[in-house]
Amino acid sequence: MKREHLERSGRGAIGGFPLSEGKMMGLEETAEAGMDELLAALGYKVRSSDMAEVAQKLEQLDMAMGSSTSQDDALLSQLASDTVHYNPSDLSNWLENMLSELNAPPIPFLPASHPIPIGSDFLTGNLSSSTEPASADYLNLHHRAVYGPESQVNGRPKTRKRLKPSPSTAFLSRAAAPATVSTPAATVAGEGSSVHSLVMVDTQEAGIRLVHALLACAEAIQEENYKAADAILKQITVLASSQGGAMRKVSGYFAEALARRVYRIHPHLDASLDSAFSDILEMHFYESCPYLKFAHFTANQAILEAFSGCSRVHVIDLGVKQGMQWPALMQALALRPGGPPSFRLTGIGQLQPDNPDALQQVGWKLAQLAGTINVDFEFRGFITNNLADFEGFMLESPSPGGSDEPEAVAINSIFELHGLLARPGALEKLLSSVRSLRPRIVTIVEQEANHNAGGLLERFTEALHYYSTMFDSLEGGGGLAGDGEGQQDQIMSEMFLGRQICNVVACEGADRTERHETLAHWRERMAGAGFQPVHLGSNAFKQASMLLALFAGGDGGGYRVEEKEGYLTLGWHTRPLIATSAWCVAGSVLSDQLTPADR
Amino acid sequence: MAGSNEVNVSESKVCSLFCCDSGVVVTFCTEIEISPEDDPAEELALILMKSGEVLLKPFDEYNFSSSQTVVPLNTWVLISNFKVTYNLLRRPDGSFDRHLAEFFDRKVPANASPVNGVVSFDIVLDRLSHLLARVYRPAPDLADGELPQKALLSELQKPPSPNPFPVIIFFHGGSFAHSSSNSSIYDSLCRRFVTLCGGAVVISINYRRSPEFRYPCAYDDGWTALKWASSEPWLRSGKDAKLRVFLAGDSSGGNIAHHVAVRAVESGIHISGNILVNPLFGGNRRTESELKLDGKYFVVLKERDWYWKAFLPEGADRDHPACNPFGPNGVKLDGLPFPRSLLVVASLDPTQEWQLAYADGLKNAGHEVRLIYREKATIGFYLLPNTNHHHEVMEEIKDFVKSNLIVSTNAAD
């Protein structure tokens with residue numbers, strides 16, 4: 001079974017993940033699929049047998065675009081600004097889509113829109129401002145991305161064409177001659193295929209010694225040499241005190257987690273206290289850096305597009321928390337050409353004994369907002385500490401009757417899935433229940449990290465790199481106000497991340513819920529559970545990039561959005577830190593209407 | 001092959017593709033001598049028809065471009081894809097769709113785990129401007145039983161060898177506007193350089209790009225990188241503990257390498273050698289090659305003009321010294337300890353005359369240039385290891401680095 005394979009190969013001191021994440025495909029996979037190896041090494045998936053056809057399409061496209069007449073400038077401009085591109089790695093499909101755009105009935109040419117000035121207050125999903133809709137400009141972001149600029153001018157929505165690859169037409173076929181390959185592609189991962197992506201900021205000797213000491217301590221603990229570990233911990237304290245900024249803070253959290261292991265202090269787990277406090281910390285995290293905003297934004301994009309044309313929609317949020325994601329979606333739905341659908345939200349939350357009505361309050365606030373923007377809205381909350389019981393809730397709450405049109409369902413999971421990996425079978429159970437609902441779209445955001453495999457040292461090393469980069473972005477991200485509020489946001493955000501660090505390092509078994517895995521692994525799990533990818537396109541990419549520019553100023557500072565075969569990641573400098581992906585049920589009728597996934 | 005004496009058969013090289021009535025594909029792995037005025041594809045078709053072995057459709061029913069006859073098909077696809085996607089990014093008003101550009105660019109993360117004996121990591125050279133570089137180096141040797149994760153970190157910034165080793169500061173191409181140090185095409189190339197040059201440290205600079213950042217930003221970033229390299233003790237080698245640095249680049253990267261070298265020698269920093277592959281130079285005048293080869297082999301003059309306009313200061317023309325270093329506004333390099341240069345020019349590159357003029361300019365100023373003129377090479381041949389152009393040029397680079405690694409710093413050189 002695939003899962004066993006993943007787990008087995010994940011063990012051992014020297015990383016052994018079957019998927020080479022630095023490259024698009026491993027050598028064996030590439031050869032099996034008949035892909036051209038040289039192009040695959042550069043990130044392009046083209047079957048050798050398709051090479052000639054791809055070449056011909058490129059020629060056609062080049063000829064259609066090339067030329068200096070004003071007509072063609074208009075065409076080019078339209079192609080550039082209106083077309084939504086998907087998965088540039090799949091050249092064949094991309095070319096097919098481009099050629100179809102060229103052959104589509106001419107759309108009245110409109111001058112390229114000036115960038116709409118976007119106010120900064122759209123960034124708050126804060127419900128306290130729910131009496132006023134979020135800045136119209138932010139809604140324009142969503143609106144333009146989904147419906148295209150001209151729909152605002154003409155008032156009619158442009159149907160976005162989602163195209164399937166056409167079968168080879170019967171023209172004279174050109175088979176590709178095999179390219180002369182004298183050396184194997186120089187970039188295929190062979191030895192120890194895990195990818196250690198490092199962004200070094202601190203090249204000072206002391207910084208490196210500190211990291212070395214942290215790793216040595218983790219190694220000692222892994223070997224159960226607690227005496228040595230204790231000695232090293234003392235060194236760490238000294239070394240850390242000479243550091244500044246992000247390095248000092250992050251090493252502090254890691255040292256604390258190591259200490260807990262050495263001195264057998266198990267992190268105090270009071271689920272109820274935990275949950276409320278965690279929500280508060282998360283809200284500060286939301287304010288201080290763009291990761292959560294990006295997660296909500298990109299997931300909402302995919303949901304909006306999937307709900308296109310549906311008059312009854314139902315979103316199931318696997319971890320609704322304070323509901324920060326939903327005002328923006330509701331407002332975008334409200335502005336939909338043709339009017340909003342009726343919107344049902346099922347929010348799953350954790351029990352807070354001190355505040356048993358917490359979940360209902362979230363629902364009530366959202367309902368208030370819905371009232372002010374005239375969206376027919378219903379909220380249902382479910383409280384559980386075990387997402388695997390999902391099926392039970394859904395059976396309890398059948399779709400409201402009395403309507404001919406079936407409900408379109410979206411399932412949304414922001415950092416909720418990895419926790420299920422702590423209990424065998426839990427994820428599979430949840431995914432099975434999700435699938436049985438036949439959702440139009442499932443949106444998943446997860447940390448892009450490998451914190452769930454190998455022994456302690458391996459996990460520790462991965463986490464150290466990951467959270468160092470995270471903390472560095474908090475320090476240098478530029479999104480924080482210099483005032484006290486901004487500082488408080490940063491401190492609370494660091495605590496929020498610190499709790500994750502503690503869990504990753506100091507907990508084991510069912511207690512260790514921060515079991516982050518990379519997109520490559522989630523792809524396998526989702527495929528195994530009967531889902532296929534729905535690609536996120538250049539519109540979502542662009543809007544997310546613009547969001548970052550607003551948040552961090554100028555060109556987004558050190559934040560980077562990247563596209564990777566239909567998925568989007570947000571990272572700091574060159575290190576992706578979170579990944580958004582979207583899915584639908586494999587082989588369903590619906591999947592034909594959505595973006596074709598590459599096989 | 002048919003016994004026609006118009007055909008010169010050489011070792012199997014580039015494959016060409018033709019269609020015939022029966023739908024069967026015929027591929028030829030042979031090089032055919034064609035005089036420069038002729039359209040190679042048309043010539044070949046005539047030769048084949050004369051030989052009587054193959055019936056071809058009338059020529060104008062085929063739509064293949066001549067560039068498909070001189071590069072392997074997968075190279076053609078790669079470079080054409082860049083051409084076509086780049087068309088979507090340049091706007092007539094001089095602005096650039098940066099978001100879409102980043103969307104299209106295929107990137108790879110750095111990897112401190114060895115791949116073919118090479119590791120890489122990213123480094124922030126300047127926090128405020130987010131200037132990044134990607135460092136490539138041979139995988140460090142591990143002590144027995146040492147776990148790679150722990151060892152790597154402290155070993156990454158130690159010299160890769162007790163013997164002298166080259167440090168190659170690399171500037172990626174992209175006409176000053178495209179690509180990054182983490183673009184997969186350049187990550188691939190830099191990894192090759194590490195092994196090629198016997199265990200070099202390669203530092204790929206993520207310089208600021210136009211049109212958002214015009215001249216001289218890219219040069220400034222190159223200079224920052226060189227100063228950084230000069231201050232890193234682990235990059236020094238040999239008994240005299242010297243930084244043995246080469247400046248290298250393709251396309252705009254080659255241009256940057258030149259200008260950084262000028263600044264270096266004016267400031268007393270010794271550069272062991274310059275490696276310029278299809279460097280980007282130009283001028284106001286239209287050269288014969290530009291006119292003749294315009295649009296024929298991936299390069300379009302109008303596009304070249306756009307990129308210069310986007311890089312050069314507002315109002316400047318192509319005789320600006322950044323673009324035309326030995327032109328009317330050029331800077332004299334006579335008497336400066338300018339490094340030896342390896343210059344690679346492709347015969348199917350429309351801008352070749354500017355590159356040749358650059359070589360002449362260096363020679364006239366008393367500096368050594370090793371000029372490699374590749375017949376029938378197009379731009380981008382170095383991106384895929386599937387032609388003799390690629391392999392032979394790589395060997396030239398290897399030899400150049402080797403022979404300039406240990407040279408006396410006597411100004412009499």
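Chain naming here is simple, since letters A, B, ... match the order of the sequence lines and numbering starts at 1 in each.
Counting only N and O atoms by type, the side chains of A/Glu458 and A/Gln222 include no donor and acceptor under 3.5 Å apart. Side chain to side chain, B/Ser129 and B/Asp126 meet the donor-acceptor criterion of an N or O pair below 3.5 Å.
Interface remark: B/Arg134 contributes side-chain atoms only to the contact with chain A (heavy atom separation under 4.5 Å). With a 4.5 angstrom heavy-atom cutoff, B/Leu132 touches chain A only via side-chain atoms. For B/Asn182, the part sitting under 4.5 Å from any heavy atom of chain A is the side chain, from C-beta outward, and nothing else.
Interface remark: of the candidates A/Gly537, A/Ala218, A/Pro88, A/Pro88 forms the most heavy-atom pairs closer than 4.5 Å to chain B. Between chain A and the residues B/Leu78, B/Val300, B/Asn81, the most heavy-atom pairs under 4.5 angstrom are made by B/Asn81. When each of A/Leu95, A/Val561, A/Val199 is scored by its heavy-atom pairs under 4.5 Å with chain B, the top score falls to A/Val199. The greatest number of non-hydrogen atom pairs below 4.5 Å with chain A, out of B/Glu102, B/Arg127, B/Glu303, B/Arg98, is found for B/Arg127.
For B/Ser80, the side-chain contact (heavy atoms from CB on, under 4.5 Å) partners are A/Leu58, B/Trp76, B/Phe298, not counting sequence neighbours. For B/Asp97, the salt bridge (Lys or Arg N to Asp or Glu O under 4.0 Å) partners at least two apart in sequence or on another chain are A/Lys542, B/Arg91. Under the side-chain contact (heavy atoms from CB on, under 4.5 Å) criterion, B/Thr195 pairs with B/Val118, sequence neighbours left out.
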Kindly determine whether A/Lys45 and A/Asp50 satisfy salt bridge (Lys or Arg N to Asp or Glu O under 4.0 Å), including the steps that lead there. CA-CA 10 Å; A/Lys45 284 184 177 175; A/Asp50 288 341; over 6 Å; no
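Side chain of A/His535 to backbone of A/Tyr86: no donor-acceptor contact under 3.5 angstrom is found.
Residues of residues 201-210 of chain B lying within less than 4.5 angstrom of chain A, judged on heavy atoms, are absent.
Ring geometry, A/His85 versus B/Phe103: the interplanar angle falls from 30° to 60°, so the pair is classed tilted.
In plain terms, the two heavy atoms of A/Ala552 and A/Gly557 that are nearest each other are CB-N, 4.2 Å.
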